[in-house]
Amino acid sequence: MKLSYYPGCSLHGTAKEYDESTRAVFCQLGIELIELEDWNCCGASSAHSTDEFLSNALPERNIKIAAKAGLDLLVPCAACYSRMLTAGKENRSFKPAVKIRNLPELLREEDNFNSIKEQVKRPLEGLKIACYYGCLLTRPPKITEVKDYENPQSMDDLVGILGGEAVFWPYKTECCGGSLAITHTDIVKRLTGKIIEMAMEAEADCLVTACPMCHANLDTRQDEISRDEGKKYNLPIFYITELIGLAIDEKKSGRWWKRHFVNPMPLLLSKGLI
């Protein structure tokens with residue numbers, strides 16, 4: 001199986017561990033990822049709030065490059081995925097010639113799901129995980145056409161076959177304020193703090209996401225939130241591909257933890273997973 005691959009700016013920058021773990025896991029699944037040649041930023045950070053034409057033209061160019069390859073397009077970043085889908089919906093003169101795929105839904109498909117299940121060598125037993133989808137993987141439903149947009153299950157199901165426990169909690173699709181990360185950090189800290197707090201109240205040991213913007217907010221701001229709230233927050237944040245890599249015993253997985261602000265090593269050691 002081959003897929004076109006759009007890493008976006010984050011996976012080539014602040015979220016390299018997401019890029020590396022995605023490539024490693026897909027290689028183990030026998031899926032070849034072919035990065036788009038000469039791809040450009042999709043404009044997710046600001047284009048849609050400043051220039052409507054640009055907000056559609058930027059993702060359209062990437063989709064047209066993918067169309068030349070004739071392969072489905074994997075977009076791991078939730079924000080990039082949302083912009084790609086939106087471009088195909090808002091501009092009625094443009095019809096994407098390839099299917100745009102998000103990572104959790106693709107891995108939840110039966111063949112990939114079963115392949116992961118067969119390759120689990122190190123079950124994540126004893127690890128309680130809050131699956132956080134954020135606001136863009138499943139919403140708005142008129143764009144994503146997802147039916148369970150308020151209570152998605154793809155990552156919960158993946159955590160289950162990895163041997164972990166997906167905890168029940170009510171904040172799995174709450175917004176972390178990713179688009180306000182620079183302009184309104186006070187709002188972002190408040191939103192992020194609520195998500196961390198609710199995951200802890202659900203007795204989760206860690207949180208897993210498939211969005212680099214959400215990961216950055218949740219991972220990097222816990223020290224600030226701790227100082228503001230006078231309470232220590234130290235919840236490890238994983239990408240779903242990192243947990244899959246750990247469970248299938250991908251040898252490179254140890255390299256990824258070093259890029260995290262909240263060190264996941266003590267947790268993984270306490271659970272006997274490393």
Side-chain angles (χ1 to χ4, degrees), residues 1 17-18 21-31 74 76 78 81 101-139 144 146-174 195-196 198-212 214-215 218-219 235-250 252-254 256-257 260 262 264 267-274:
M1 182 179 182
E17 66 271 38
Y18 191 20
S21 57
T22 295
R23 292 177 189 271
V25 165
F26 276 71
C27 181
Q28 290 295 321
L29 297 177
I31 301 173
L74 174 64
Y81 171 71
R101 316 294 300 274
N102 76 54
L103 189 142
E105 288 295 335
L106 179 65
L107 294 182
R108 182 60 186 85
E109 289 184 354
E110 185 175 359
D111 288 349
N112 297 326
F113 192 73
N114 290 336
S115 181
I116 294 170
K117 189 175 182 179
E118 291 170 359
Q119 295 190 50
V120 172
K121 300 180 180 67
R122 186 186 305 177
L124 308 183
E125 293 176 354
L127 194 62
K128 294 182 177 180
I129 302 166
C131 296
Y132 177 65
Y133 298 78
C135 57
L136 294 175
L137 271 180
T138 62
R139 294 182 296 177
T144 64
V146 170
K147 293 181 180 177
D148 61 350
Y149 55 91
E150 293 289 0
N151 186 26
Q153 295 295 316
S154 56
M155 281 197 288
D156 295 63
D157 292 343
L158 288 165
V159 163
I161 61 167
L162 299 179
E165 178 186 347
V167 302
F168 176 81
W169 71 312
Y171 268 45
K172 59 168 52 177
T173 59
E174 290 295 309
I195 293 167
I196 297 290
M198 289 305 296
M200 293 172 63
E201 282 192 21
E203 299 184 346
D205 298 312
C206 60
L207 185 149
V208 65
T209 183
C211 175
C214 299
H215 189 285
L218 294 163
D219 187 37
L235 190 73
I237 313 295
F238 293 97
Y239 289 108
I240 183 64
T241 44
E242 290 182 310
L243 289 184
I244 296 172
L246 176 64
I248 66 176
D249 203 23
E250 165 59 45
K252 298 176 183 175
S253 61
W256 307 329
W257 322 136
H260 292 211
V262 178
L267 170 64
L268 298 178
L269 281 168
S270 71
K271 300 294 183 181
L273 296 173
I274 56 175

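Note: hydrogens, waters and symmetry copies are ignored here, and every other heavy atom, side chains too, is used. Quick note: residue numbers are just sequence positions, from 1.
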Report yes if the side chains of [X] and [Y] come closer than 4.5 Å at any heavy-atom pair, otherwise no.
X: V120; Y: I161; value: no
X: L207; Y: I195; value: yes
X: L137; Y: P152; value: no

For the [atom1] atom on [X], are there more than 12 heavy atoms of other groups (residues, nucleotides or ligands in this structure) within a distance under 6.0 Å?
X: K121; atom1: NZ; answer: yes
X: D249; atom1: CG; answer: yes
X: E109; atom1: CD; answer: yes

>> side-chain contact (heavy atoms from CB on, under 4.5 Å), that's the test. Do Y149 and T173 meet it? Break it down for me.
In response: CA-CA 8 Å; Y149 55 91; T173 59; over 6 Å; no
>> Does the plane of the ring in Y239 sit parallel, tilted or perpendicular to the ring in H260? Use 30° and 60° as the thresholds.
In response: perpendicular
> For the residue pair F238 and W257, is the inter-centroid distance of their aromatic rings smaller than 6.0 Å?
Replying inline: yes
> Given L267 and L127, is the side-chain contact (heavy atoms from CB on, under 4.5 Å) satisfied, shown in steps?
Replying inline: CA-CA 9 Å; L267 170 64; L127 194 62; 3.9 Å; yes
>> What verdict does the side-chain contact (heavy atoms from CB on, under 4.5 Å) test give for I274 and R122, after you've listed the backbone C-alpha separation in whole Å, the side-chain angles of each residue and the deciding distance to 0.1 Å?
In response: CA-CA 9 Å; I274 56 175; R122 186 186 305 177; 4.1 Å; yes
> For residues 160-172, which residue pairs qualify under salt bridge (Lys or Arg N to Asp or Glu O under 4.0 Å), counting only residues two or more places apart or in two chains?
Replying inline: D156-K172
